[in-house]
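Report on the structure given below.
The chain is numbered in sequence order, starting from 1.
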Amino acid sequence: MLKKLLLATALFACSLTAFSQNADSLTVVKTRWQKTRVARQVSLFQHHFNQQNLFGTNQNISFLEIKNTGRKAVFAIGAEEKQLITTSDFGLRDTALAAINGNFFDVKNGGSVDFVRVQGKTINTNRLAANGERARHQQAGIAIENGKLKLIKWDGSTDWESRLTAADVLLNGPLLTFNGVDESLDTAAFNRLRHPRTCLGLKPNGHVILLTIDGRNTESAGASLFELTKLMRWLGCTSAINFDGGGSTTLWVNGMGSNGVINYPTDNKKWDHEGQRKVANVILVKKK
């Protein structure tokens with residue numbers, strides 16, 4: 001009798017989980033996103049799920065969708081070898097249409113802890129673990145050639161990134177989905193707990209999504225990497241990669257609002273657009 005009860009309980013829990021996931025996917029797919037044209041081939045989408053109706057919580061999501069043709073709008077990397085500056089300052093300095101924060105960095109000394117190459121010059125190299133192993137955010141990344149962006153995945157070799165031919169390379173991660181197949185994620189706290197998140201996704205039509213989910217606030221809980229993987233799939237992405245998140249999460253669009261910051265960065269612990277954290281690098285969207 002006890003075994004039957006346990007089995008029934010487990011089946012009920014599974015059915016509730018499946019129902020919740022289906023409801024969440026329908027919520028995202030049916031959402032009437034606020035759409036703003038930024039430039040030719042670049043659009044901004046925003047929505048505040050404020051009825052605890054996504055993952056059982058409030059969520060504030062903003063993303064850019066860019067046609068990845070290398071013609072009207074092009075991608076680039078803005079980076080500093082040691083200095084840290086805000087995402088908006090990177091964008092303004094490099095006369096970009098938009099910018100989103102990049103990979104993981106040394107808060108104390110500046111500079112990325114992951115490989116970065118800009119216009120053929122290596123800016124930062126990987127800081128490996130004491131045992132020589134790569135972090136998950138050193139096992140994938142983005143490469144840009146002639147203004148077009150693609151996702152790249154580590155081939156297991158020690159000199160993989162140095163052999164890449166693209167002039168612009170930025171390692172990041174963890175990789176969430178690659179060519180329609182979800183990557184394996186463990187249950188480490190970084191993956192399973194909700195935080196502000198920054199993510200890049202690719203759709204089958206070649207469009208790129210640059211997305212932020214706000215967090216650490218009653219207005220927006222943030223997402224686990226498992227939830228982020230699902231969200232990117234529901235938005236139509238067949239490949240997606242996590243970027244540095246938390247207090248770094250920032251999406252900036254030139255000329256919008258008081259300072260161009262679209263989301264609600266958390267470093268000032270306020271629900272406003274003023275809490276940017278200084279970062280080592282960004283992904284830029286520029287007008288060709």
Side-chain angles (χ1 to χ4, degrees), residues 26-51 53-54 58-76 78 86-102 142 147-149 196-215 217 219-223 228 231-237 240 243 245 248-266 270-276 279 282-288:
L26 289 174
T27 295
V28 172
V29 171
K30 292 183 176 182
T31 293
R32 293 185 177 181
W33 297 88
Q34 178 186 336
K35 181 179 179 180
T36 305
R37 183 182 183 274
V38 175
R40 292 190 67 179
Q41 300 189 344
V42 184
S43 296
L44 172 68
F45 296 83
Q46 299 169 272
H47 191 77
H48 189 194
F49 298 89
N50 58 4
Q51 302 297 315
N53 54 334
L54 184 58
N58 293 334
Q59 300 286 356
N60 191 69
I61 299 174
S62 309
F63 66 90
L64 290 170
E65 184 163 346
I66 305 104
K67 290 184 179 179
N68 191 26
T69 63
R71 293 196 292 268
K72 301 299 181 183
V74 296
F75 292 94
T86 63
T87 298
S88 60
D89 283 342
F90 268 118
L92 290 169
R93 184 194 72 179
D94 295 337
T95 59
L97 294 170
I100 199 166
N101 67 287
I142 62 105
K148 293 183 65 176
L149 182 148
R197 301 287 185 178
T198 301
C199 192
L200 183 149
L202 291 176
K203 299 174 73 171
N205 62 4
H207 291 194
V208 174
I209 284 182
L210 301 178
L211 177 141
T212 60
I213 303 179
D214 293 307
N217 193 287
E219 296 292 339
S220 188
L228 183 59
L231 174 64
M232 297 304 284
R233 186 188 311 120
W234 297 334
L235 291 174
C237 296
F243 279 19
S248 301
T249 290
T250 307
L251 177 62
W252 173 86
V253 177
N254 199 351
M256 298 195 77
S258 60
N259 62 359
V261 176
I262 300 302
N263 71 307
Y264 294 82
T266 62
K270 296 179 181 179
W271 186 249
D272 61 21
H273 304 289
E274 306 299 326
Q276 285 187 83
V279 296
V282 299
I283 301 299
L284 301 164
V285 182
K286 305 184 75 175
K287 186 176 181 180
K288 189 170 182 179

Nearest 0.5 Å, what's the SG-CG distance between Cys199 and Leu231?
-> 8.0 Å

Flag, side chain of Lys286 to backbone of Asp94, donor-acceptor distance under 3.5 Å = yes

Is there a donor-acceptor contact under 3.5 Å linking the side chains of Asn217 and Ser220?
-> no

Atom pair CG/CG of Asp89 and Asn259 - distance to nearest 0.5 Å | 10.0 Å

Looking only at heavy atoms, which two atoms of Leu284 and Gly78 are closest? And how far apart?
-> CD1-N, 3.7 Å

Interatomic spacing from OG1 in Thr95 to NZ in Lys287 - rounded to 0.5 Å = 11.5 Å

Glu274 versus Pro265: any side-chain heavy-atom pair under 4.5 Å?
-> no

Within the side chain of Lys72, is there an N or O that forms a donor-acceptor pair under 3.5 Å with the backbone of Lys288?
-> no

Rounded to the nearest 0.5 Å, what's the gap from OG1 on Thr27 to CD on Gln59? Could you check?
-> 11.5 Å

For side chain to side chain contact (heavy atoms under 4.5 Å, CB included), just list the numbers for Val279 and Thr86, CA-CA rounded to whole Å, side-chain angles, deciding distance to a tenth of an Å, and then say yes or no.
-> CA-CA 6 Å; Val279 296; Thr86 63; over 6 Å; no

Does atom CZ of Arg93 have more than 12 heavy-atom neighbours from other groups under 6.0 Å away?
-> yes

Thr249 side chain to Thr198 side chain, donor-acceptor N/O pair below 3.5 angstrom = yes

Using residues 39-49 as the side-chain source, report each donor-acceptor pair under 3.5 Å to any protein atom, sequence neighbours left out, with the distance given to one decimal.
residue : atom : partner : partner atom : Å
Gln41   : OE1  : Thr69   : OG1          : 3.1
His48   : NE2  : Glu219  : O            : 2.8

Is the side chain of Asn101 donor-acceptor paired with the backbone N or O of Thr250 at a distance under 3.5 Å, no angle test?
-> yes

Of all heavy-atom pairs linking Leu211 and Met232, the shortest is CD1-SD, 4.0 Å

Do Asn263 and Asp214 have a side chain donor and acceptor closer than 3.5 Å?
-> yes

List the steps and the verdict of side chain to side chain contact (heavy atoms under 4.5 Å, CB included) for Arg197 and Thr212.
-> CA-CA 6 Å; Arg197 301 287 185 178; Thr212 60; over 6 Å; no

Using a 4.5 Å cut-off on heavy atoms from C-beta on, say whether the side chain of Val261 contacts that of Val253.
-> no

Strictly under 6.0 Å, is that where the ring centroids of Trp252 and Phe90 end up?
-> no

At their closest point, which heavy atom of Gly215 faces which heavy atom of Thr266, and how far apart are they?
-> O-CG2, 3.3 Å

Closest non-hydrogen atom pair between Gly236 and Pro204, with its separation | O-CD, 3.2 Å

From CG (Leu26) to CG (Asn53), nearest 0.5 Å | 12.5 Å

Result for side chain to side chain contact (heavy atoms under 4.5 Å, CB included) between Leu149 and one of Asn68, Ile66, Leu210 points to Asn68

Aromatic ring pairing Trp271/Tyr264, orientation class (parallel under 30°, perpendicular over 60°, tilted between) = parallel

Kindly give the heavy-atom pair with the smallest separation between Ile100 and Phe243, and that separation in Å.
-> CG2-CE2, 4.5 Å

Thr87 and Gln276 have their tightest heavy-atom pair at N-OE1, 3.3 Å

Measure the CD1-CZ distance between Ile213 and Phe63 for me, rounded to the nearest 0.5 Å.
-> 11.0 Å

Decide if atom NZ of Lys67 counts as having more than 12 heavy atoms of other residues, nucleotides or ligands within a radius under 6.0 Å.
-> no

